[in-house]
There are 2 protein chains.
Amino acid sequence: MSEENPTREKILRACWELLEGGDTKVRMSDIAKTAGVSRQAVYLHFPSRADLLIATTRFIDEVEKVDDRLARSRAATTGRERLEAYIEAWGGYIPRIYGVGRAMMAMMDGDEEARAAWNGRMMAMRHGCEAAINALARDGDLAPGLETDDATDSLWTLLSVRNWEHLVQERDWSQDAYITEIKRIARAAFIRP
Amino acid sequence: MSEENPTREKILRACWELLEGGDTKVRMSDIAKTAGVSRQAVYLHFPSRADLLIATTRFIDEVEKVDDRLARSRAATTGRERLEAYIEAWGGYIPRIYGVGRAMMAMMDGDEEARAAWNGRMMAMRHGCEAAINALARDGDLAPGLETDDATDSLWTLLSVRNWEHLVQERDWSQDAYITEIKRIARAAFIRP
DNA sequence: TTTGAACTTTACACTATGTAAAGTTGACAC
DNA sequence: GTGTCAACTTTACATAGTGTAAAGTTCAAA
């Protein structure tokens, strides 16, 4: 897991666990307690709460192997397949990062570092959208009258964590129903009829 | 404006103005200073920051006449017209409330009262979505295989403030481009081909 | 001239982050 | 054994913002 320091890892796992638990207000002292270390020990490893959250997202990425998941969608040959594969890959990943993502998003206004870190991740996700849209365009399957840039922004918005939150968390959709519906909308909106 | 108390109104307008200005961290003391009253005077009129924000959204609703705007979409006869009219009405209203909305959304995890108030507004918006979807279904124009409940949730998600934020604030889309694209996606996703 | 409401001023309690520094512990070196 | 170093704990404190409390000011109306 590329984490050789056991205390650091205990803290990261504690942070992950607590945020995953849906606790909306996780304090540094909560994390310390869960990790079984003193609050000050946390500051020995992470200069600030924002840094800890950012490190936690990176840690999750490694443990859950995001890149591998998303890379798989690149194997698809046609644009249509690629679009679906990407929605499945990213859409399936959202629940894994939602806990920490929520905390990061909450921290975004106020902490510039957290904002940049989260935006960076979202821009990486946008590249996947761009690749899918470009593959569609290459096949001549992109809906007529659409610029690839705009279609990329649209798809990126459709796949946002907030939309997942709206449907799965607030409206109680199942993960499967979410994936199915997003694919349906994406097909309808981006693929030439 | 139904606001007979001048000091109270000064505070509400100050709050509105500051949040509209994009300031992400507006403090009670900032609002007091802008309103030209002492910080304590604010607490004389509003028990807490959450209450002030909630009162501000209501104030904006009255000044901007949301209900009137949204009601106009009800005049449309066909489902297709109604869908477009509703997207224009609500989509056009989002920029007016975005400043305060952002502050409310930021406050949502942490303050149950703020959460309930904002969710209430969003559920009211969902009713408009439901009416548009029902009108489409009545005309036999709803895309096949769609339950009206699910379609309502989908449209509601598509029209979320967060999606407007993604496109207009983060990706620099014009308001017109936003409206046009949301209408396009909605047509593609919800109307029988 | 008094009274009362609205507002100001001053002070303080509380919570969470983050800084600072002295004390403890245990492994490893010699 | 003794010393030393790093990692960790403990205690204390600075800071920022919300919200409470209460005494003082002002001004208009009875």
Side-chain angles (χ1 to χ4, degrees), chain A residues 3-15 18-19 21-57 100 102-118, chain B residues 3-15 18-19 21-57 100 102-118:
Chain A
E3 196 54 65
E4 77 297 333
N5 187 319
T7 303
R8 196 184 144 96
E9 179 164 341
K10 269 196 299 184
I11 295 167
L12 288 168
R13 287 196 184 279
C15 182
L18 287 175
L19 291 170
D23 283 31
T24 172
K25 270 196 157 173
V26 176
R27 291 157 300 184
M28 293 300 262
S29 53
D30 298 326
I31 295 164
K33 194 189 289 181
T34 302
V37 299
S38 68
R39 188 171 71 91
Q40 295 321 299
V42 178
Y43 284 101
L44 242 40
H45 292 276
F46 306 95
S48 73
R49 189 169 181 276
D51 287 277
L52 171 55
L53 291 187
I54 292 165
T56 303
T57 66
V100 186
R102 195 177 167 198
M104 293 275 289
M105 291 186 292
M107 189 165 243
M108 272 179 62
D109 32 41
D111 189 287
E112 198 43 56
E113 207 188 350
R115 179 178 192 83
W118 184 253
Chain B
E3 196 54 68
E4 77 296 336
N5 186 320
T7 302
R8 195 183 145 97
E9 180 166 339
K10 270 196 297 182
I11 295 167
L12 288 168
R13 288 196 184 277
C15 182
L18 286 176
L19 290 171
D23 284 29
T24 171
K25 270 195 157 174
V26 176
R27 291 158 299 186
M28 294 299 264
S29 52
D30 298 326
I31 295 164
K33 193 190 290 180
T34 302
V37 298
S38 69
R39 189 172 71 92
Q40 294 322 299
V42 178
Y43 285 101
L44 243 40
H45 291 276
F46 307 94
S48 72
R49 190 169 180 277
D51 286 278
L52 171 53
L53 291 187
I54 293 165
T56 304
T57 66
V100 187
R102 196 178 167 197
M104 293 274 290
M105 290 186 292
M107 189 164 244
M108 273 179 63
D109 32 40
D111 190 287
E112 197 44 55
E113 206 188 348
R115 179 179 192 82
W118 184 253

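Any value given below was found using the heavy atoms of this structure, including those in side chains, with hydrogens, waters and symmetry copies removed. Naming: A, B, ... by sequence-line order, numbering from 1 per chain.
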Mind calculating the distance between [atom1] ([X]) and [atom2] ([N]) to the nearest angstrom?
X	N	atom1	atom2	answer
B/Ile31	C/dC7	CD1	C1'	18 Å
A/Asp111	C/dA16	CG	P	18 Å
B/Lys25	D/dT18	NZ	P	9 Å
A/Leu53	C/dT17	CG	P	10 Å
B/Arg8	C/dC7	CZ	C1'	16 Å
B/Arg49	C/dC14	CZ	P	22 Å
B/Phe46	D/dT20	CZ	P	15 Å
B/Met28	D/dT18	CE	C1'	8 Å

Nearest-neighbour nucleotide for the A/Gln40 side chain, C/dT19, C/dG18, C/dC7 considered |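 So the nucleotide nearest the side chain must be C/dT19.
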State which of D/dT9, C/dT17, C/dC7 makes the closest approach to the side chain of B/Leu44.
->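 Nearest listed nucleotide: C/dC7.
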With B/Val37, which of B/His45, B/Arg8, B/Lys10 fulfils side chain to side chain contact (heavy atoms under 4.5 Å, CB included)?
->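 That would be B/Lys10.
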Does the distance from a Lys or Arg side-chain N to an Asp or Glu carboxylate O, for A/Arg27 and A/Asp30, drop under 4.0 Å?
->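 The answer is yes: the pair qualifies as a salt bridge.
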Check whether any side-chain N or O of A/Asn5 sits under 3.5 Å from a backbone N or O of A/Thr7 as a donor-acceptor pair, and report yes or no.
->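 Yes; at least one donor-acceptor contact below 3.5 Å.
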Could you tell me whether a side-chain N or O of B/Asp23 sits under 3.5 Å from a main-chain N or O of B/Val26, the two making a donor and an acceptor?
->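 No, because the side chain of B/Asp23 does not come within donor-acceptor range (under 3.5 Å) of the backbone of B/Val26.
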Would you kindly compare A/Arg27 and A/Pro47 by the position of their nearest DNA chain C nucleotide and give the one closer to the 5′ end?
->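 Looking at the nearest nucleotide for each, A/Arg27 comes out on the 5' side.
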Heavy-atom donor-acceptor pair, B/Arg39 side-chain to D/dG17 base, under 3.5 Å =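 In this structure, the two groups form no donor-acceptor pair.
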Under 4.0 Å between a side-chain N or O of B/His45 and OP1 or OP2 of C/dA6?
->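 False: B/His45 side-chain N/O out of range (4.0 Å or more) of C/dA6 OP1/OP2.
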